[in-house]
Amino acid sequence: MAEHLCIAQVPLFNHLPIEAQQEIMNLTHHHIYKKNELVFQPGDENLYIIASGSIKVYQLSISGKEHLLRVLKEGDYEGEKQLFNMPNDTLFGQALEETEICTLTQQAFHQALLENPSIAIKLLELSAKRTAQLEKQAQFLSMERVEERLAHYLLQISANQSSITLFMKMKDLALYLGTTPETLSRKLRYLEDHNYIKRTGKHITILDPEALENI
DNA sequence: CCATTAAATAGGA
DNA sequence: TCCTATTTAATGG
């Protein structure tokens with residue numbers, strides 16, 4: 001039952017014929033993680049697929065600070081790079097809530113990929129998205145001031161809509177933007193005080209995109 | 001300008 | 001209500 005969700009639900013596999021999905025399903029293991037539990041850490045080399053819930057993927061800086069790379073939700077996965085002999089020696093995955101994870105060993109995934117080349121196309125597509133997202137983040141982090149990072153982040157996720165909802169916890173968004181929750185809170189208030197945005201909890205209305213752009 | 005620390009307040013189970 | 005998350009305030013690099 002639960003295994004069914006692992007494959008049928010995820011973009012990486014759900015375009016395959018039922019028989020192929022069935023076969024991959026048989027190679028899958030699954031496990032439910034409680035909130036805050038570590039799903040994987042450096043040295044773990046499987047493919048992890050989120051069947052339900054969400055996890056955050058981060059690495060630690062030399063000084064021990066957490067650097068959040070992305071939040072994975074239902075249908076997302078992590079660990080595909082191990083397929084190409086790139087070991088995971090920096091990434092941690094931690095459940096943000098009760099989360100069901102399906103795992104495929106490196107060998108199992110390799111096998112599935114060889115038998116179903118169309119997975120490769122999906123993999124490429126999804127990898128491209130991930131790369132683009134990381135490039136955006138790199139761009140934020142290259143900005144000197146936090147309010148600048150925040151302003152551009154808001155503009156990016158707004159995609160020209162005026163109304164947006166932050167999907168990360170404030171603490172995680174702070175780590176994503178390379179700052180602390182305290183500074184993030186202050187900067188949000190700064191933007192609000194200047195009438196660039198209006199905020200109600202995690203819901204934000206962009207009042208002056210022009211001004212945000214120019215920060 | 002921003003991180004850190006400490007304390008107050010809001011929010012969720 | 002208890003525990004956690006977020007915000008506010010004060011201080012120092």
Side-chain angles (χ1 to χ4, degrees), chain A residues 1-2 5 30-42 48 50-76 78 90-102 133-159 161-215:
Chain A
M1 207 34 135
L5 296 176
H30 64 98
H31 183 61
I32 294 181
Y33 294 84
K34 295 189 177 64
K35 182 175 179 176
N36 293 331
E37 213 176 332
L38 271 190
V39 176
F40 59 82
Q41 54 187 306
Y48 301 88
I50 319 309
S52 67
S54 60
I55 73 172
K56 64 177 175 181
V57 178
Y58 63 93
Q59 48 195 173
L60 298 178
S61 68
I62 340 87
S63 54
K65 274 187 218 160
E66 178 181 325
H67 176 206
L68 182 70
L69 293 171
R70 50 184 162 266
V71 170
L72 302 181
K73 296 174 176 315
E74 189 169 304
D76 294 333
E78 185 71 46
T90 56
L91 300 185
F92 293 81
Q94 184 180 28
L96 291 172
E97 58 196 300
E98 177 158 307
T99 297
E100 182 175 5
I101 303 281
C102 305
Q133 190 263 344
L134 286 171
E135 286 170 357
K136 292 260 176 52
Q137 184 185 23
Q139 201 171 33
F140 298 143
L141 295 179
S142 73
M143 297 172 188
E144 291 290 334
R145 287 164 306 131
V146 173
E147 63 218 60
E148 196 181 357
R149 294 178 212 165
L150 176 59
H152 284 263
Y153 173 78
L154 293 176
L155 287 173
Q156 192 226 303
I157 62 169
S158 77
Q161 303 294 304
S162 62
S163 179
I164 55 184
T165 300
L166 301 176
F167 68 92
M168 282 188 245
K169 289 187 297 188
M170 299 308 272
K171 179 188 160 204
D172 288 329
L173 178 56
L175 294 171
Y176 179 79
L177 293 175
T179 184
T180 61
E182 293 88 343
T183 296
L184 174 61
S185 174
R186 268 179 235 110
K187 294 311 180 184
L188 278 168
R189 191 145 87 94
Y190 170 86
L191 295 181
E192 205 176 6
D193 288 346
H194 286 71
N195 287 320
Y196 296 158
I197 65 172
K198 186 176 183 311
R199 179 161 91 111
T200 310
K202 288 185 175 169
H203 180 260
I204 290 179
T205 305
I206 295 188
L207 302 175
D208 192 346
E210 183 88 341
L212 288 180
E213 183 68 50
N214 293 327
I215 279 179

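Naming convention: chains lettered A, B, ... in sequence-line order (proteins, then strands); numbering from 1 in each chain. Just so we're clear, the structure is a prediction, and the values are computed from it rather than from any experiment. As a basis for the values below, the full set of heavy atoms in this structure was taken, side chains included, without hydrogen atoms, waters or symmetry mates.
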Any pair with a residue in residues 161-187 of chain A that passes salt bridge (charged side-chain N to carboxylate O under 4.0 Å, His left out), sequence neighbours left out, goes on the list, sorted by first then second residue, please. A:Lys56-A:Asp172, A:Glu147-A:Lys187
Whether the side chain of A:Glu100 engages the backbone of A:Ile32 through a donor-acceptor N/O pair (distance < 3.5 Å, no angle test) should be reported. no
So, A:Glu97 and A:Ser54: side-chain donor and acceptor under 3.5 Å apart, yes or no? yes
For A:Gln133, check side-chain hydrogen bond (donor to acceptor under 3.5 Å, both in side chains) against everything at least two apart and list the hits. A:Tyr176
Close approaches to DNA chain B from residues 205-215 of chain A, in residue order (heavy atom, under 4.0 Å): none
Among residues 56-64 of chain A, which ones have heavy-atom contacts with DNA chain C below 4.0 Å? none
If I compare all heavy atoms of A:His67 with all of A:Leu175, which pair ends up nearest, and what's the gap? CD2-O, 4.1 Å
Quick one: is A:Arg149 getting a side-chain N or O under 4.0 Å of the B:dC2 phosphate, OP1 or OP2? no
State the dot-bracket string of DNA chain C. Criteria: Watson-Crick or G-U wobble, both atom distances under 3.5 angstrom; notation: ( ) intrastrand, [ ] crossing earlier pairs, | interstrand, . unpaired. |||||||||||||
A:Leu166 has an atom CG; how far is it from atom C1' of C:dT6, in whole Å? 13 Å
When you look at A:Ile101 and A:His30, which way does the side-chain contact (heavy atoms from CB on, under 4.5 Å) test go after all the steps? CA-CA 6 Å; A:Ile101 303 281; A:His30 64 98; over 6 Å; no
Go through the structure and list residues passing side chain to side chain contact (heavy atoms under 4.5 Å, CB included) with A:Ser63, not counting sequence neighbours. A:Ser61, A:Lys65
Atom pair CG (A:Leu60) and CZ (A:Phe92), whose distance is rounded to the nearest 0.5 Å: 4.5 Å
Sorted by number, residues from residues 167-191 of chain A placing a heavy atom under 4.0 Å from DNA chain B are A:Gly178, A:Thr179, A:Thr180, A:Glu182, A:Thr183, A:Arg186, A:Lys187
When rounded to whole Å, the CD to C1' distance for the pair A:Glu147 and B:dA3 reads 15 Å
Note: A:Asn36 and A:Gln94 closest approach over all heavy atoms is O-NE2, 2.8 Å
Here the pair of heavy atoms bringing A:Gln59 nearest to A:Thr90 is NE2-OG1, 3.2 Å
Going from OH on A:Tyr58 to CD1 on A:Ile55, what distance comes out if it is rounded to the nearest 0.5 angstrom? 10.0 Å
Please state how far atom CG in A:Leu150 lies from atom P in B:dC2, giving the value in whole angstrom units. 11 Å
If I take atom CG in residue A:Asp193 and atom C1' in nucleotide C:dT8, what distance separates them, rounded to the nearest angstrom? 13 Å
Mind checking the CD1-CD1 spacing from A:Ile204 to A:Ile197? Nearest 0.5 Å is all I need. 4.5 Å
Sequence neighbours left out, cut at 3.5 Å: what donor-acceptor pairs do the side chains of residues 148-159 of chain A make with other protein atoms?
{"unit_1": "A:Arg149", "atom_1": "NE", "unit_2": "A:Met143", "atom_2": "O", "d": "3.0"}
{"unit_1": "A:Arg149", "atom_1": "NH1", "unit_2": "A:Leu177", "atom_2": "O", "d": "2.9"}
{"unit_1": "A:Arg149", "atom_1": "NH1", "unit_2": "A:Gly178", "atom_2": "O", "d": "3.1"}
{"unit_1": "A:Arg149", "atom_1": "NH2", "unit_2": "A:Met143", "atom_2": "O", "d": "3.3"}
{"unit_1": "A:Arg149", "atom_1": "NH2", "unit_2": "A:Glu144", "atom_2": "O", "d": "3.3"}
{"unit_1": "A:Ser158", "atom_1": "OG", "unit_2": "A:Leu154", "atom_2": "O", "d": "3.4"}
{"unit_1": "A:Ser158", "atom_1": "OG", "unit_2": "A:Leu155", "atom_2": "O", "d": "2.8"}
{"unit_1": "A:Ser158", "atom_1": "OG", "unit_2": "A:Asn160", "atom_2": "N", "d": "3.4"}

In this structure, how many angstroms lie between the C1' atom of B:dG12 and the NZ atom of A:Lys202, rounded? 11 Å
Provide a list of protein-nucleic acid N or O atom pairs under 3.5 angstrom, restricted to nucleotides 9-11 of chain B.
none

Tell me which donor-acceptor pairs under 3.5 Å the side chains of residues 188-195 of chain A have, and how far apart each pair is, sequence neighbours excluded?
{"unit_1": "A:Glu192", "atom_1": "OE2", "unit_2": "A:Arg199", "atom_2": "N", "d": "3.2"}
{"unit_1": "A:His194", "atom_1": "ND1", "unit_2": "A:Tyr190", "atom_2": "O", "d": "2.8"}

Does any pair with a residue in residues 200-215 of chain A pass side chain to side chain donor-acceptor pair (under 3.5 Å), and if so which ones, sequence neighbours excluded? A:Ser163-A:His203
Only counting residues at least two apart or in another chain, list the ones meeting side chain to side chain contact (heavy atoms under 4.5 Å, CB included) with A:Leu134. A:Leu69, A:Arg70, A:Arg130, A:Gln137
